[in-house]
Amino acid sequence: MQESIPEAGIERAVEIMRSGKLHRYNVAEGETAEAALLEREFADYLGVDYCLACASGGYALHVALKAAGLVPGDKVLTNAFTLAPVPGAIHNAGGVPVLVEIDENYCVDIAHLESLMKTGECRFFMISHMRGHLADMQRIVDLCERHSVVLIEDCAHTMGASWNGKASGTFGAVACFSTQTYKHMNSGEGGLLTTNDPEIIARATMHSGSYMLYERHGAGPDAAVFDDIRLDTPNYSGRMDNLRAAILRAQLPLLAENCERWNKLYRTAERGLAQISGVAMPRRPENEYYVGSSIQFRVPAFDSTDVAEFIDGCARRGVELKWFGSKDPQGFTSRYDSWRYLGEAPVLDNTLEILRSTFDMRLPLTFNTDDIDTIVQIIREVVRGIQPGE
Ligand SMILES: *Cc1c(COP(=O)(O)O)cnc(C)c1O
């Protein structure tokens, strides 16, 4: 259920393999590496000054925190509903995640966020735009400014999205994107870190393992910015290679069109699901341009037995749903209280209540709207066959 890599990317990747020059710093005089070209192109696409290509999205998040000045023991606010690489990146950077409730639209709960910011204990907020749901970014930015909190955006699901016409990834001090296979551009594994701050990009570049070759970056700051940073910043080796950069460069020009293709599938699924009695859909605000590469819905009346029956019933008819309500992590999904390394989990009643009845489905571009109609019909029939609470 994956689209192939555009032919131009495959051809370029083969050329690179024939040359043997896969490493981003393996360039002849006057030559620009594929990774450096990708950095320039992605920065231009997003409308920011700097971009760094990394080994994964989770790695970019880790390095973003370090480059933004996190020191071990610093508390980092983050949504309780996110993917495991987010708390993992905070932990890896030596930070202490402080989990924030979500609302019924899968966005961070702004009232809870504000109450946590008011304690004055958290210097960072790593907002995860989980499953592409954008919170009111103007309010988030205002709150961060008022409480001197550094905002870092996890844009793993919002590459191509925007709020009030401003691109997701341009609201905070740093943003991180993933180019892992299940995201909006596919290089197997990969990450992109973006910022307008010359010192943050210089530190991130050194962290990523640039040795003293930082001048070979396509979207980096003046060499003078590295004067002290190059000696003060440890190498955490996590570069992107030219092969992955080549296949991403071929996908970037298709991104906007692909986002529209996802949204067509999303709107079809949303319309169909909303008509099923007992199903609740998240509200998508006017200000949000989302990328509907997945869809979430709730069946609030279901208890845990109904949930199991529903997932089974759909699976038997070929519709694969994910459920974030399980205490026991499965596949890609895990609930926040299963991240045991964080110590005792807070009880976040709203988040638990929402996740308890939330189902999640990918909308691969290999599907068409007829496929979506078929899937919605199956979901409708399975929901109808279950008598909640019996
Ligand atoms: C995929 C993902 C990441 C980063 O993932 P990598 O696999 O490390 O590239 C971060 N946050 C969210 C919400 C994700 O889904």
Side-chain angles (χ1 to χ4, degrees), residues 2 35 38 42 51-66 76-93 95 97 99-100 102 105-108 124-135 151-161 168-169 171-172 174-194 204 207-208 236-241 244-245 247-248 251 262 282 290-296 322-324 329-336 338-339 342 351 355 358 360-364:
Q2 216 53 60
L38 171 69
F42 193 74
C51 175
L52 173 71
C54 303
S56 73
Y59 180 87
L61 291 168
H62 161 226
V63 157
L65 284 162
K66 298 294 288 183
V76 182
L77 294 157
T78 195
N79 325 28
F81 175 46
T82 184
L83 219 68
V86 178
I90 297 170
H91 185 268
N92 194 13
L99 302 173
V100 190
I102 56 159
N105 299 312
Y106 306 105
C107 294
V108 69
F124 299 90
F125 175 27
M126 179 165 272
I127 188 170
S128 179
H129 306 302
M130 180 63 171
R131 289 300 188 252
H133 296 276
L134 286 168
L151 181 63
I152 299 173
E153 294 182 74
D154 167 23
C155 301
H157 302 162
T158 54
M159 183 187 276
S168 177
F171 289 90
V174 203
C176 303
F177 297 82
S178 170
T179 61
Q180 186 234 77
T181 292
Y182 302 106
K183 311 299 162 86
H184 299 173
M185 293 201 294
N186 172 14
S187 59
E189 305 285 356
L192 295 163
L193 179 155
T194 58
H207 279 318
S208 78
Y236 297 147
S237 219
R239 297 167 301 272
M240 183 184 283
D241 58 85
R244 297 187 205 181
I247 63 178
L248 291 173
Q251 291 170 62
W262 266 305
Y290 57 79
V291 182
S293 52
S294 71
I295 194 160
Q296 293 69 44
K322 292 199 189 84
W323 182 51
F324 280 87
Q330 277 178 8
F332 287 106
T333 67
S334 63
R335 204 171 67 183
Y336 76 85
S338 73
W339 304 329
L342 298 183
T351 302
L355 296 183
T358 292
D360 172 65
M361 185 169 68
R362 284 186 71 219
L363 299 173

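First listed ligand is number 1; within each ligand, the first listed atom is number 1. Everything quoted here is computed from the prediction, not taken from an experiment.
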**OP:** Answer side chain, backbone, both or neither: which part of V86 comes under 4.0 Å from ligand 1, heavy atoms only.
**Re:** side chain
Original post:
Where on S128 is there a heavy atom closer than 4.0 Å to ligand 1, on the side chain, on the backbone, on both, or on neither?
Top reply: side chain
**OP:** Give the numbers and elements of all ligand 1 atoms closer than 4.0 Å to a heavy atom of H157.
**Re:** 13 (C), 14 (C), 15 (O)
**OP:** Report the relative orientation of the aromatic rings in Y236 and H207; use parallel for angles under 30°, tilted for 30 to 60°, perpendicular for over 60°.
**Re:** parallel
**OP:** Give a yes/no on ligand 1: does G191 have at least one heavy atom closer than 4.0 angstrom to it?
**Re:** no
Subject >> Sub-4.5 Å side-chain heavy-atom contact between V100 and T78 >> reply: no
Original post:
Is W262 reaching over with its side chain to a backbone N or O of L363, donor-acceptor style, under 3.5 angstrom?
Top reply: yes
Original post:
Do D154 and ligand 1 have an N or O pair less than 3.5 Å apart?
Top reply: yes
Original post:
Among all protein non-hydrogen atoms, which one is nearest to atom 9 (O) of ligand 1, and what is the separation to 0.1 Å?
Top reply: S178 OG, 2.7 Å
Subject >> N/O donor-acceptor pair under 3.5 Å between S56 side chain and Y59 backbone >> reply: yes
**OP:** Please could you name the atoms of ligand 1 that T82 approaches to less than 4.0 Å, counting only its heavy atoms?
**Re:** 13 (C)
Subject >> Contact check, R131 vs ligand 1, heavy-atom distance below 4.0 Å >> reply: no
Original post:
Could an N or O of ligand 1 be found under 3.5 Å from any N or O of G57, whether backbone or side chain?
Top reply: yes
**OP:** Measure the acute angle between the ring planes of F42 and F177, then classify it against the limits of 30° and 60° as parallel, tilted or perpendicular.
**Re:** perpendicular
Original post:
Between the side chains of S293 and H157, does any donor sit under 3.5 Å from an acceptor?
Top reply: no
Original post:
Side-chain contact, heavy-atom cut-off 4.5 Å: H133 with Q296?
Top reply: yes
Subject >> Nearest non-hydrogen protein atom, atom 8 (O) of ligand 1 >> reply: G58 N, 2.7 Å
Original post:
Just by distance, with hydrogens left out, do S128 and N79 show a side-chain donor and acceptor under 3.5 Å apart?
Top reply: no
**OP:** Please identify which atoms of ligand 1 are closer than 4.0 Å to at least one heavy atom of S56.
**Re:** 8 (O), 9 (O)
Subject >> Option set Q180, M130, K183, criterion heavy-atom distance to atom 2 (C) of ligand 1, minimum >> reply: K183
